[in-house]
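Values below: all heavy atoms of this structure, side chains included; hydrogens, waters and symmetry mates excluded. Proteins come first, then strands; the chains are lettered A, B, ... in the order of their sequence lines, and each starts at number 1.
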4 protein chains.
Amino acid sequence: MIVHLKKETPIEIVQECTEELSAFSFSQNDLFVLVNSFKERTINDKFENYVVEKFLFDSDIQLASKKYQGSREFSVDEIEVGKKDTTLVITGPCSVESKGQIDQCAAFVKSQDIKVLRAGCFKPRTSPYTFQGMGIKGLKLLAQVRDQYGLKIISEIRDASHADAVIDHVDIIQIGAKAMYDHGILNKCAKTNKPVLLKRGFGTTLQEFVQAAEFILSGGNGKVILCERGIRTFETKTRFTLDLCGVAWLKEHVNLPIFLDPSHAMGYAYGVPDLTRACVAMGVDGLLLETHPNPKEALSDASQQLDFNEFSNLLQSIKPVARAVGTKII
Amino acid sequence: MIVHLKKETPIEIVQECTEELSAFSFSQNDLFVLVNSFKERTINDKFENYVVEKFLFDSDIQLASKKYQGSREFSVDEIEVGKKDTTLVITGPCSVESKGQIDQCAAFVKSQDIKVLRAGCFKPRTSPYTFQGMGIKGLKLLAQVRDQYGLKIISEIRDASHADAVIDHVDIIQIGAKAMYDHGILNKCAKTNKPVLLKRGFGTTLQEFVQAAEFILSGGNGKVILCERGIRTFETKTRFTLDLCGVAWLKEHVNLPIFLDPSHAMGYAYGVPDLTRACVAMGVDGLLLETHPNPKEALSDASQQLDFNEFSNLLQSIKPVARAVGTKII
Amino acid sequence: MIVHLKKETPIEIVQECTEELSAFSFSQNDLFVLVNSFKERTINDKFENYVVEKFLFDSDIQLASKKYQGSREFSVDEIEVGKKDTTLVITGPCSVESKGQIDQCAAFVKSQDIKVLRAGCFKPRTSPYTFQGMGIKGLKLLAQVRDQYGLKIISEIRDASHADAVIDHVDIIQIGAKAMYDHGILNKCAKTNKPVLLKRGFGTTLQEFVQAAEFILSGGNGKVILCERGIRTFETKTRFTLDLCGVAWLKEHVNLPIFLDPSHAMGYAYGVPDLTRACVAMGVDGLLLETHPNPKEALSDASQQLDFNEFSNLLQSIKPVARAVGTKII
Amino acid sequence: MIVHLKKETPIEIVQECTEELSAFSFSQNDLFVLVNSFKERTINDKFENYVVEKFLFDSDIQLASKKYQGSREFSVDEIEVGKKDTTLVITGPCSVESKGQIDQCAAFVKSQDIKVLRAGCFKPRTSPYTFQGMGIKGLKLLAQVRDQYGLKIISEIRDASHADAVIDHVDIIQIGAKAMYDHGILNKCAKTNKPVLLKRGFGTTLQEFVQAAEFILSGGNGKVILCERGIRTFETKTRFTLDLCGVAWLKEHVNLPIFLDPSHAMGYAYGVPDLTRACVAMGVDGLLLETHPNPKEALSDASQQLDFNEFSNLLQSIKPVARAVGTKII
């Protein structure tokens, strides 16, 4: 249940009401928002005068629900996210590997008129014996190229132990598929004003995925992007299975911007262009694509990264698709 | 292993060689094709003079492999299937329900310049207590509207007991997801000249899917269309999960035309338009879409069929997407 | 909805009532059973005097439901199936391969005091280029060893085209995982008196599995055994995933005997003994196990069949487990 | 590749060799263990005299592999884990809810001769609007009952932000299914001497599961228990699907003790006894079972917890099953 209290409600009343309803509360625009786990609950008479509106739901998808509010939009400086007629392309290498490599990537990204650079510094590898990312050093290199090239940067928090460092350095915080249930990270992201791109776990239902976003929303940070990146199924010819039926469901029921990551879903560069065009034709809000100056020598995800030439061709090819469905690649 | 023998090879030699190699054989264009299960096998000296070429494979995807030959194309009368620059739209109701209903559908399909009408007569329902299809009566109604409206028709074989009846009546034979492993059906389809649209089972790997097509191809019928219609995963908010990563794999490795059925994958009409546009942007060879004059009263698949108005709008919307990726809706 | 009509109801009344309720009907013991797809439906006054009882259900699991009747038991001659305190072991090779091989197997099975011999004659292989079974010849070899050794035999129908031949020759009819939705087969099995072992499809939900059994039950054949043999999941180190949680659900909700096939689930002989002991400890009604005189040279399922020595050891090891949970291996 | 260096190797040589091989290293018993990601790598001549043995592997399952060493055993004070002939039962409520509740549970557990009490304090809930656990307060209550009743305790780390607190308070550290990839947690557990029970993620392959254990092993902590608790499949009648085929694979290939958690897999108390007996018959090293004084009022996992009476009955019933397979419940 969500309850809106008037902006002029005395703060003690807000607190008292929050407690009585076992709710989370935060202020937003012209009101206070209280949200709890109850399908419905009577509100004490003494609070009644302050109540603007009540919303009831049949599951714990509440703040993210289209029944609560229409599509959420926000901006990262001048870059608009979630607007009906734009699709934001984010690209860059899987990992920051060296100063030279990330510099090369940033220069390329800039040359393509792409505004946001992605690159991981804390890699959630499945084996301890492979490259684990450059860590803080990588974050600093990222911050340097951001300033040098006038880009925004997005990078991933792997676990709660370095959450603050990532939050401090990036423009958009990424929570990876394997960290999606991590309360330590979710709670930190709830208390910042920076946008958060939350990736769906590969074994995660849509219900759980959106509920993870509710951890951030209920803390008062409304800037959450949902990113579908492939789920794990019985099919092993491809790395994962991009769930576009799930995206159709999200578009219908959830008010958050939706991004897609076809690179991780497919796992092989040859399929990325076709899948990317499919995503654009779905009318999604953004794309995450992996590019690398020399994919064969990449320290992680070598098989799925596009080289610069492939990326340029892909970028050109999606522009007419975007126009065909009434959006614009930014 | 596939072996090509010269056209002028005496038929006894073909038979002898076929036997010695434990192979299937059939004649095709200018040669005889022999195919067996061995990765590699020495060919007796006495056959050597007749051998044109040998092809070796690392799995039982052989005749369907891009390593064997480029994309296969064929035509249903004047309708071309598998050409790089066309996407064939097939539509119609889930089931033939009555003369009136199928007549209404055929008239609508015709009015939209669609050339192929789909409708099921033998429904593979999961419960015995629901509508099981009109059977032979339905096939006859379909044949009537075909003649009346100048359409081609496609309908599904549910099991081997009525395979001949369906093969006789239709222009394109459909093998449904639940019948995909049925040797009784596959063997019959191998011995006809009519094109066969083979749907992927919802629990079927890509390897098994293409191997099922090999049953038909190795019998000498080269006109097989593969149709992806959603696989079963842990996600239940949608009926199935359309596997577009799998489609990317098929496009890269398999020489058969690829169709997509977003209606069955999604299970809900609201998601069908977005998914259909995604499929078109993948550059697939064809689409299977369900339309019904009054979806709410449909005797099967009520939730996923589009009404005529929704279908018309969708059809208009996919034309610019097709153009954007260099194909044309036919 | 299931309706019971008195035994003495005139047959015309039964027919009339069946039609009015759009039901299936058959006679059973002391009454007529009518079953249809409606959650609830008013019964015409004129039939009311004949009605003994009505049963309402929330899904199309009706005749198989524990809400309808307790556990079903029946016998194959003197062999009892479905009794609380017995676990029936069925074994034999994956396929009949030759007279010598099946004779050797039958002699072994007999020597172990096993009463039912399994062996396939129509193999539902996924590739056309591998051994497809001996067909009718194999059935005849099976019938011979049955008579010679005094065994019962079970063999599989692959598709509707040879259903009658299998039904004629065997004591227990097997419907394989890939044929589970085949109406041609289900309908034939509904009209025989022989017991039917129905295997769960590897992509099949429990709901669909039991509904497939309803096709047979609603035709009047109450002798249906459900057999879990592994479902397809993302895990590929083993061939399938034996769903014992599903078995626990079936035991709680469904009145049919439950058998388990750990050989096919695991796909590797090394895991079969441990899994078989787990199945016995679940208190299931029967087991299907694959044994072969020389697994390495088997024409199908080579990796998962036990040799005779391994089988003997396993058989000895499950007897104390059976005793520990209050059943007896027969 | 794993390399063993002699105990008397000078520490500088160990360090130098570790660096040259890009390896992890730790001392163990009578030698130094170095492990890296290379399938094979030449060792510099100057280190050769110190090398005792080399082990090569075909994947990153190395320290956990049966090819490296036989089954690992260790003890928690006097409780032995991983011995061939014992099965350790751990039980307790899903969550610590209050002093009264955990006291009641501890008293019950003690009365059943169970030696290890489980209870969660940091609950990885999927919704922010439900009970999230008592946190540090809960850990303190657990520590109290441990001392009072002479029990060992196991509790779960949810995320890296409270890893130290949990490690300090418990006798066995639990890493939950959702935290299984969390490097922050894994790295902390690698640097303690306490045993770690690592649960398999519900979307995690066996390969990834064991690789997560390698993070701990390669840090020098060899006391890792693997716990299977159900994977996510298309079947939704039960909460998850207990993967006993996977357990058979682990027993064959991995040297770590294996525990099973049938409560979480099933999700419903009615199926837990049958599944538990199945697990015991597999000969596993231990069991995790949920019990609660009043399951209906439990603040988490209400549907799957056994009441005390059900647990006592279950415990009695598994003892003869254990005997039948040559183990003993401790």
Please give me the minimum heavy-atom distance between [X] and [Y], naming the atom from each residue.
| X | Y | value |
| --- | --- | --- |
| A/C245 | B/L242 | SG-N, 3.5 Å |
| B/V325 | A/R277 | CG1-CD, 4.0 Å |
| A/E235 | B/D243 | CG-OD2, 4.1 Å |
| B/W249 | A/T238 | CB-CG2, 4.1 Å |
| A/A324 | B/A324 | CB-CB, 4.4 Å |

From A/L244 atom CG to B/L275 atom CG, the distance as rounded to the nearest 0.5 Å:
6.5 Å
dist B/I231:CD1 -> A/F234:CZ (nearest 0.5 Å) comes out at 4.0 Å
Using non-hydrogen atoms only, which part of A/Y268 is less than 4.5 Å away from chain B: side chain, backbone, both, or neither?
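Contact with chain B: none, neither part.
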Proximal component of A/R232, with respect to chain B [non-hydrogen, under 4.5 Å]:
backbone
Does NZ belonging to B/K328 count more than 12 external heavy atoms closer than 6.0 Å?
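Atom NZ in B/K328 is not packed in, count stays at 12 or less.
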Atom NZ of B/K39: over 12 foreign heavy atoms under 6.0 Å
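Buried by this count: over 12 neighbours within 6.0 Å.
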Quick check on [X] against chain A: is it the side chain, the backbone, both or neither that has a heavy atom closer than 4.5 Å?
| X | result |
| --- | --- |
| B/T204 | backbone |
| B/T233 | side chain |
| B/K251 | side chain |

For the interface with chain B, which of A/R323, A/K319, A/M266 has the highest count of heavy-atom pairs at distances below 4.5 Å?
A/M266
Given B/Q207 and A/K237, is the side-chain contact (heavy atoms from CB on, under 4.5 Å) satisfied, shown in steps?
CA-CA 8 Å; B/Q207 180 75 27; A/K237 295 269 189 207; 2.8 Å; yes
